[in-house]
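Below, read A as the first sequence line, B as the second, and so on, with proteins coming before strands; counting in each chain starts at 1.
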Amino acid sequence: MTAPAAAAPALIQVAPRASLAYMVKDALATGAIALALAIPLVGFRTVDRGATTILETRFTQMFVGVAVIAIGRFVFSLIDAGRARAVLVAALALSIAWPVAAALGAGQEGWRPLAWMTWLLAGSVVLRAAYVAYGDRAALRGDVAPGERLGATVQRLSMYFGPLLFLFAIAMPLLPMADQRWVDLGILVLTYIMLGWGLNVVVGLAGLLDLGYVAFYAVGAYSYAIIAKTFGLNFWEALPIAGALAASFGVLLGFPVLRLRGDYLAIVTLGFGEIVRVVLLNWDELSNGPKGIGGIPRPSFFGMPFTPAPPEGTMSFHQWFSSTFWEIGFSPIQRATYLYYIILILALATNLFTLRIRKLPISRAWEALREDEIACRALGINPTNTKLTAFAIGAMFGGFAGSFFATRQGFISPESFNFIESAIILAIVVLGGMGSQIGVVIASIVLIGGPEWFRDLESYRMLAFGGLMVMIMIWRPQGLLAFREPTIRLKPLPPKSP
Amino acid sequence: MTASAARPLLTVEHLSMRFGGLVAIDDVSFTALDRQITGIIGPNGAGKTTVFNCLTGFYKPTVGRLALAHPGGAEYLLERMDGFRIAQRARIARTFQNIRLFPRMSVLENLIVAQHNKLMRASGYTVFGLLGLGIYRHAEAAAVERARYWLGRVGLVDRANDEAGNLPYGAQRRLEIARAMCTEPVLLCLDEPAAGLNPRESNELNELLLFIRDEHKIGVLLIEHDMSVVMKISDHIVVLDYGRKIADGSPKTVRDDPAVIRAYLGEEEDESLPPEVARDLRTTA
């Protein structure tokens, strides 16, 4: 979609101001639909009271929710009718006032999430209004759509912002406020960043929608667990084997699905992901079934384990550190910090690899295949091999991340490799903007860090997560930072040439 | 006329293509000579694009032998080869009736992708490239120079770093030809390259095709509706109608062939002639 063409229809849509009556009617209709949905979903709740189950009503919350939706709808039509700036001011004021009032005034359980939801909604209204009020004018002035420009700006900023983020990532566990919770969250976010970067090769570059990426994560995790337990290899020795196994699974999956595109490919990969999980669940001899594999060797620092009391004759990390540098006691955060640096190195290696391969013919062929497979064949590009390479490389990184997951947890079971994992990784890639490396980082922080952060929202956080995804789909279907920089540029000839 | 090089490049013998009960091509044989432009014309639905699709491996012909003889002496039987290998080994390049560029990649990238196989070899199937060895850097620099040359030829040097999808229509057509030429073909197949071009652009296209024939010394196979292009630059014309070859010869003989006139103008009582074809035929006659 070209930028000017995208901007123009939006302007035309805005121009005719809808009548107030129509907007009110539209908002009421939306409210009615919301009410119909909310009566069974919010209005009633079954509560377990000892032996009996009673039905509890929550009509107040239901009506508040419906009102929020109806008002939201009305406000959105106002924005689209060209009153964006007025709405912006009103929404800003409300977004501060209302959640505070709701949270303080009601004070009872169940109200806080509602306040959060309202706040989220108000926030989105502000964003939308700002986008319409200033974005469309920007589109009129320049020929680049604001979203496109955002992508370009972030891409440019990431030149400076990237190293800063990198330095922060290195220093994070050493900062004073970094406790166990911070480091664990860092590990989690980095794991998903790595998975996102791995899947980005398949989905972002090669354009193959893979809904079963978690299968390779599982293959990597189980490979590492079994190899490490059976052959006594340490993490760094087992890692390449696990990666290679995952890559061969990538090729294995690749072969049958090569002819499929789009939705069909997505469904088959989804099935593949489930097959791997079900096999792990049932193949007791290999995977110990639903009981999972425990006692997976934890990583050691050059052979020195992170334990309070190592076996006789060996030295644990904190003893070595105390004797070499200064006295420290044992603390579980030492292992967490070490794990943090392992995943940081793995993630950075993935990024380096991807940035490098972007400049190579194979990556250009992936992108070309995504754009037009028929044209590729006419140019003599072997679509089979090219796609298989993408699957294998993506799977390999998934396998590495899986090995890390296994060594970090010390215990794995098929439970950890549900479809929802695939969905989250895919959401990270798609939200970040397909093919954008920095987009994956930002999306991981928002999607993984965010829900951890907003644990206050309790079960509503998944609702908020869904809401966020819907908003992105409406306003930035190409992802937050979809912006493509050519992988090679034609430089002007030096003047001596004819 | 380039009578000097009358070596046959492509020999099509008894080519038939059936889709179920529909016979799209019925026993067509012709020869395209090296360093010549061979035009394939015919009314809509005559099977011209089907011939192309058989040649370039997008269809497997039902019957027939398609032999390509390289100037070096190597010979390829196209009907036995996979689609992408025809472009890779037999070095036949083609363009499409509805342009097929990589719209979200830059103009330069489009031309670099066309040199994929060469670059893959130079990058040691990605291994050397990842290590950053000089051999790949040199190969890439050479690929960029080739791209620059063709960009200069089609007048797109200034747009090299723009998205291909943002180019105007005529420029996209030229870029597609440049991309095909970047694969260093021995036979270039063009499917209606002049469609949608204005008269000035179509003149430039004529010059470009003559340049490709004379300077790069390759054969060109051309499907075209625009008679001002076909009649002016073709050395040899093959006329198809309802999947059968009805005439074959120099532009002049074809133009005067009663079978061709009948195919285009219809029988005396038939009034279904498309007016623009009639006009073109009259003006070029």
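Heavy-atom contacts from other residues, nucleotides or ligands closer than 6.0 Å to CZ of A:Phe166 number 12 or fewer. Under a cut-off of 6.0 angstrom, the local environment of OH in B:Tyr149 is crowded, with over 12 non-hydrogen atoms contributed by other residues, nucleotides or ligands. Within a 6.0 Å sphere centred on NE2 of B:His216, heavy atoms belonging to other residues, nucleotides or ligands number more than 12. Other residues, nucleotides and ligands contribute only 12 or fewer heavy atoms inside 6.0 Å of the CG atom of A:Asp263. Surrounding CZ of B:Arg18 are at most 12 heavy atoms belonging to other residues, nucleotides or ligands under 6.0 Å away. Annotation for B:Phe211: atom CZ counts as buried by contact number, over 12 foreign heavy atoms lying within 6.0 Å.
No other option in A:Cys376, A:Ala368, A:Pro486 has as many heavy-atom pairs under 4.5 Å with chain B as A:Ala368. With chain A as partner, the option from B:Leu108, B:Leu119, B:Thr95, B:Asp82 having the largest number of non-hydrogen pairs under 4.5 angstrom is B:Leu108. For the set B:Gln115, B:Arg85, B:Arg179, the entry with the most heavy-atom pairs within less than 4.5 Å of chain A is B:Arg179. The candidate from B:Gln88, B:Met105, B:Arg91, B:Arg94 with the greatest count of non-hydrogen atom pairs under 4.5 Å with chain A is B:Met105. Among A:Asn382, A:Ile362, A:Asn385, the residue making the largest number of heavy-atom pairs under 4.5 Å with chain B is A:Asn382.
Between atom CE of residue B:Met120 and atom OG1 of residue A:Thr389 there is a gap of 6.5 Å, rounded to the nearest 0.5 Å. Distance check, rounded to the nearest 0.5 Å: CG of A:Leu490 to CG of B:Asp162 gives 11.0 Å. Distance CZ/B:Phe84 to OG1/A:Thr386: 8.5 Å, rounded to 0.5 Å. Between A:Glu373 atom CD and B:Arg100 atom CZ the span is 10.0 Å, to the nearest 0.5 Å.
Contacts of B:Val157 with chain A are made by both backbone and side-chain atoms, with heavy-atom separations under 4.5 Å. With a 4.5 angstrom heavy-atom cutoff, B:Thr183 touches chain A only via side-chain atoms. Neither the backbone nor the side chain of B:Ile86 comes within less than 4.5 Å of any heavy atom of chain A. Heavy-atom distances place the side chain of B:Asn117, and not its backbone, under 4.5 Å from chain A. Of the atoms belonging to A:Ile374, heavy atoms from both backbone and side chain fall under 4.5 Å from chain B.
What you find for A:Leu360 and B:Tyr136 is that their closest heavy atoms are CD2-CE2, 3.4 Å. Contact record, B:Phe102 with A:Asp372: CE2-O, 3.5 Å, taken as the closest heavy-atom pair. Here the closest non-hydrogen pair linking A:Ala375 and B:Phe96 is CA-CE1, 4.2 Å. Heavy atoms only, all atoms of each residue included: B:Ala87 and A:Gly380 are closest at CB-N, 3.3 Å.
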Under the side chain to side chain contact (heavy atoms under 4.5 Å, CB included) rule, what do B:Glu109 and A:Ile488 come out as? Steps first, then yes or no, please. CA-CA 7 Å; B:Glu109 283 174 313; A:Ile488 188 167; 4.0 Å; yes
Show the numbers, then the answer: is there a side chain to side chain contact (heavy atoms under 4.5 Å, CB included) between B:Arg104 and A:Glu367? CA-CA 9 Å; B:Arg104 285 175 25 131; A:Glu367 289 194 76; over 6 Å; no
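Here the side chain of B:Arg148 pairs a donor or acceptor atom with the backbone of A:Lys491 at under 3.5 angstrom.
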